[in-house]
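Quick caveat, the model's predicted, so the values are computed rather than measured. What's counted below: heavy atoms across the whole structure, side chains too, no hydrogens, waters or symmetry copies.
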Amino acid sequence: MTDLPIDGQPIEAVPTEYSGTTFRSRLEAAWARTLDTQRILWQYEPERVILPSGAHYLPDFWLPEIGTWLEVKGPATPRRENAVELGKVRACRCDGPCTCAWPGGELVLLGWVAERAHGDITAARSRSGYASWAAAHGPSAYFALCPRCGLRQWITLRRPWECRACSRSLESEELYQPRDRVLPFGIGSVWSPADTVAIRREIAEQIAEAEDAESEESRSEAPYEE
């Protein structure tokens, strides 16, 4: 595991202590803090998994209440194939209605450095901003809040769209991707669906400002015609 790159070159991870646990990198500690702010229970490196390929794999986090593995990856960290293989192995394989312990089987996520605006990811912004993630295998992962049990979680659009803890239907609930910027990363407050109105307004304003700036630049570069 490496920390964040400088000029495209990975640097050695910096062991970081948080909440009584020594993490292999600052990025892992920032993800643990993010999970805490969302009241998502986590276990750090609880189990070494032997994959069908024979690889020995130690995922970074297990989220026991929502049946989810989280592998933290910096932008220059290689070797994602183990997370992808785990995602394939632990996904739902039910022929009929899903009878897995968690709807859709166990979910494997890749957790990236923080995203600040329009997909801009840099080392300087790695431990603040908004969480960025992706499903290691299968459909995209969406962040959601169950109105029944209150658990924040990730689900995919593989039916059934149900809370991974209490199995309540989430088909009528809002689902969010990283680009929605709803999940504060690192030091942040607990997210609620009401936050998305202000966040989306902010994004729209930033996009409008960027488009105005580009339009002004284009006009200034245009040749003068009499």
Side-chain angles (χ1 to χ4, degrees), residues 1-5 10-11 13-19 21-47 49 57-88 90-91 102 104 106-117 119-145 151-156 164 175-188 190-191:
M1 180 70 188
T2 58
D3 239 8
L4 303 165
I11 61 177
V14 177
T16 303
E17 185 171 346
Y18 166 73
S19 191
T21 299
T22 300
F23 295 89
R24 298 178 188 272
S25 71
R26 290 174 293 185
L27 187 58
E28 290 178 348
W31 264 102
R33 188 179 297 111
T34 300
L35 295 170
D36 279 345
T37 62
Q38 302 308 312
R39 304 189 184 102
I40 297 174
L41 185 65
W42 54 267
Q43 299 170 356
Y44 181 61
E45 296 185 342
E47 177 185 347
V49 179
Y57 176 40
L58 185 63
D60 293 324
F61 293 95
W62 168 242
L63 314 180
E65 293 180 318
I66 55 177
T68 300
W69 297 94
L70 172 63
E71 178 69 19
V72 173
K73 294 291 184 184
T77 305
R79 301 186 64 181
R80 300 168 189 168
E81 63 271 15
N82 286 345
V84 174
E85 186 176 357
L86 181 64
K88 292 179 181 179
R90 299 297 177 89
W102 293 275
E106 294 179 14
L107 176 62
V108 180
L109 290 178
L110 296 171
W112 310 119
V113 296
E115 180 173 328
R116 289 296 291 269
D120 179 24
I121 298 178
T122 67
R125 296 170 175 175
S126 65
R127 288 174 292 277
S128 63
Y130 297 91
S132 183
W133 67 84
H137 167 72
S140 298
Y142 293 79
F143 193 63
L145 168 66
L151 279 183
R152 293 160 173 82
Q153 61 197 277
W154 288 269
I155 68 169
T156 70
R164 298 179 63 78
L175 304 179
Y176 303 98
Q177 292 185 301
R179 65 171 178 262
D180 294 317
R181 301 202 312 165
V182 299
L183 180 53
F185 187 72
I187 300 174
V190 176
W191 164 83

Which pair of heavy atoms, one from [X] and one from [Y], lies closest together, and at what distance?
X: P46; Y: W69; answer: CG-CZ3, 4.5 Å
X: A144; Y: L175; answer: CB-CD2, 3.6 Å
X: L109; Y: A141; answer: CD2-CB, 3.5 Å
X: F185; Y: A131; answer: CB-N, 3.6 Å
X: R80; Y: G74; answer: NH2-O, 4.4 Å
X: R39; Y: L151; answer: O-CD2, 4.5 Å

Measuring from atom [atom1] of [X] to atom [atom2] of [Y], what distance do you get when rounded to the nearest 0.5 angstrom?
X: Q38; Y: L63; atom1: CD; atom2: CG; value: 12.0 Å
X: E28; Y: R33; atom1: CD; atom2: CZ; value: 12.5 Å
X: L41; Y: W62; atom1: CG; atom2: CH2; value: 11.0 Å

Heavy-atom side-chain contact between L70 and L35 under 4.5 Å: yes
Note, P59 side chain near L86 side chain (heavy atom, < 4.5 Å): yes
Under the rule for side chain to side chain contact (heavy atoms under 4.5 Å, CB included), what residues qualify as partners of [X], not counting sequence neighbours?
X: A83; result: Y57, E71, V108, L110, A136
X: A32; result: Y18, F23, W42, F61
X: Q177; result: S140, Y142, R179, D180
X: T156; result: L107, P139, R158

From the list I66, I40, T37, side-chain contact (heavy atoms from CB on, under 4.5 Å) with R152 holds only for I40
What class does the angle between the rings of W133 and W154 fall in, given that below 30° is parallel, 30 to 60° is tilted and above 60° is perpendicular? perpendicular
Salt bridge (Lys or Arg N to Asp or Glu O under 4.0 Å) filter on E65, not counting sequence neighbours, yields none
Please identify each residue that fulfils salt bridge (Lys or Arg N to Asp or Glu O under 4.0 Å) with E106, with sequence neighbours left out. R90
Please tell me whether R164 and Q153 have a donor and an acceptor in their side chains that are separated by less than 3.5 angstrom. no
